[in-house]
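Let me begin by presenting the structure, written as structure tokens, before commenting on it.
For ligands, and for the atoms within them, numbers begin at 1 and follow the listed sequence. Positions are given from 1 along the sequence.
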Amino acid sequence: MPKIDTSATPAWRWLACCGVKLLKEKDYLLLGARVWESGNDSLSPLSSPLRVREDRIVAVGPAALEGASEAHRLELPGRVIVPGLIDAHVHLELDPVLRTPAEQLAVPEPDRIAAMEARGRAMLFAGITTARDCGGGRHREHALRARIDAGLVRGPRLLCCGQPLTSPAGHCSFWGAEVSTPDEIARAVARQIEAGSDWIKLMATGGIFTPGSRARDTQFEQTAMQSVVAAAARAGRSVAAHCHGTRGIAAAVRAGARTIEHASFAGEKGFATELDESLMREMAQTGVWVSPTVNAGWGRRIVDEQGEPTDFFLRMSRCLRSQRAQGVRFIASTDAGIPGVAHPDLLDGLVAFAHFAALRPVDALRAATSEAATALGIADRTGSIEAGLSADLLVVESDPLVDLEALRDPEVVVFRGEWLDRSVRGGGPILADAAR
Ligand SMILES: [Zn+2]
């Protein structure tokens, strides 16, 4: 594939390198590429011009050519442009190499801050232009968000949950937001809002990562979950509910959580051993979103050493397919930061997600773009390629609706109008190192 010709625009490289400072002077017209509109199941055979000015998409299609004589022109023959990706569940402060909460908490603070910056940069460079951070202990991800938004460091747009509300000694209680009474709930929610949280995270059930916690156990009565949702709603926030056990899923859905994280339908015998199709139908009817955190780790568990499907694959696949069959809406998420799940590896998660849930590439891509943006309440900012939205784009060399692998190491990542090609981003090994 020919390289992108920037020779006609001598100011281009300089503008790109200076990035944020010269944001106001950015005005460019992308020509010759096919643009994926998220409502369509396939790419149109025709290329479509796309104009970006400052940090916005100005126009797509013939309208992009109107009054564009001043814009820098970039020829992108044979390329495909898709929206930047969204990972709806990450933990920037967690190091995926460490196995236990005790090890995580022991990381020296300067190292942790540097690692969080490196993770954010690696995510952006891998094409993740937005991520929701689903919990940490000291609102460090909020501080990182501020540095990213100020242009001091590179990283995706972040939506932050802050400290997850949990029961005393419950899942992730080491992050400091144990609650049981309505007063404690109100205070803990207020603390997250004051710290600048965009979402409230509730640990509706136990989890795997916390010693002494059992994933299938419900941590709160439905009335307590309703208190969390109400306190969040008073501040204009929605609730992301971590739910493994089937009872906890039901309570969180009925309490009004907006996204159900994991939705493992766990019972006595483990994950996906208590599927409840009537609950799935109810979930579809209420319009709650499921963020199943299918990640690179799942991708490594599809077949065993003999090449046979694993029990895990068969169970989780059935769980996801049943939800789909009942009309449950999915968004893409990875739980990046948990052991073995590196922050930039959303694409591996998407490929696994398509496999487990029997999704077409276009469905997986929607779950990581337009659907995720809608679920997260940011569809007026990002998630699709429309005039007026943030210029969060990936330029790739083949059609990801045919093969999601086209999204790997995108030729160019555009974030808020800033053009990050491979020469700016560096090569693969840097991504791998930064993932740690
Ligand atoms: Zn998580």
Side-chain angles (χ1 to χ4, degrees), residues 86-101 103-105 116 119-120 123 128 130-142 144 156 158-167 170-178 192 197-211 213-217 219-220 228 238-245 248-249 252 257-264 266 271 289-298 316 330-346 348-349 352-353 368 372 375-376 435:
I86 301 172
D87 189 334
H89 188 140
V90 306
H91 299 277
L92 276 155
E93 80 159 59
L94 292 181
D95 182 339
V97 168
L98 304 179
R99 312 302 298 184
T100 66
E103 289 174 289
Q104 297 285 355
L105 295 171
M116 288 174 71
R119 288 171 199 141
M123 289 166 72
I128 302 164
T130 300
R132 181 177 58 173
D133 188 291
C134 276
R138 293 202 196 159
H139 305 112
R140 298 173 181 100
E141 59 282 4
H142 301 57
L144 177 59
L158 293 179
L159 304 175
C160 301
C161 294
Q163 298 168 314
L165 273 62
T166 191
S167 57
H171 182 45
C172 293
S173 52
F174 50 85
W175 274 337
E178 294 163 289
Q192 308 320 312
S197 295
D198 307 282
W199 278 74
I200 296 299
K201 175 83 179 289
L202 168 67
M203 297 303 195
T205 73
I208 306 160
F209 188 57
T210 308
S213 177
R214 275 199 316 197
R216 71 169 187 271
D217 291 348
Q219 296 201 146
F220 295 97
V228 176
S238 300
V239 170
H242 158 107
C243 299
H244 285 302
I249 296 172
R258 182 171 170 95
T259 64
I260 301 295
E261 307 303 308
H262 316 300
S264 314
F271 280 16
W289 298 83
V290 165
S291 156
T293 61
V294 182
N295 54 40
W298 291 44
M316 298 317 291
F330 290 128
I331 54 177
S333 56
T334 62
D335 218 354
I338 64 165
V341 182
H343 294 78
D345 291 350
L346 173 59
D348 289 330
F353 187 21
L376 299 183

**Asked** the Zn ion (ligand 1): which protein N, O or S atoms are under 2.8 Å away?
**Response** His89 NE2, His91 NE2, Asp335 OD1
**Fill in**
Only residue of Glu93, Arg138, Lys201, Gln104 satisfying side chain to side chain contact (heavy atoms under 4.5 Å, CB included) with Trp175 is Glu93
**Request:** Kindly indicate whether the side chain of Asp87, heavy atoms from C-beta on, has any atom under 4.5 Å from the side chain of Thr334.
**Result:** yes
**Message:** Ser173: which residues meet the side-chain contact (heavy atoms from CB on, under 4.5 Å) condition with it, sequence neighbours left out?
**Reply:** Thr166, Glu178
**Item:** Full working for side-chain hydrogen bond (donor to acceptor under 3.5 Å, both in side chains) between His142 and Ser197
**Value:** CA-CA 7 Å; His142 301 57; Ser197 295; 2.9 Å; yes
**Asked** Given side chains that start at C-beta, do those of His343 and Leu92 come closer than 4.5 Å, heavy atoms only?
**Response** yes
**Message:** Ring centres under 6.0 Å, that's the criterion: do Phe271 and His244 meet it?
**Reply:** yes
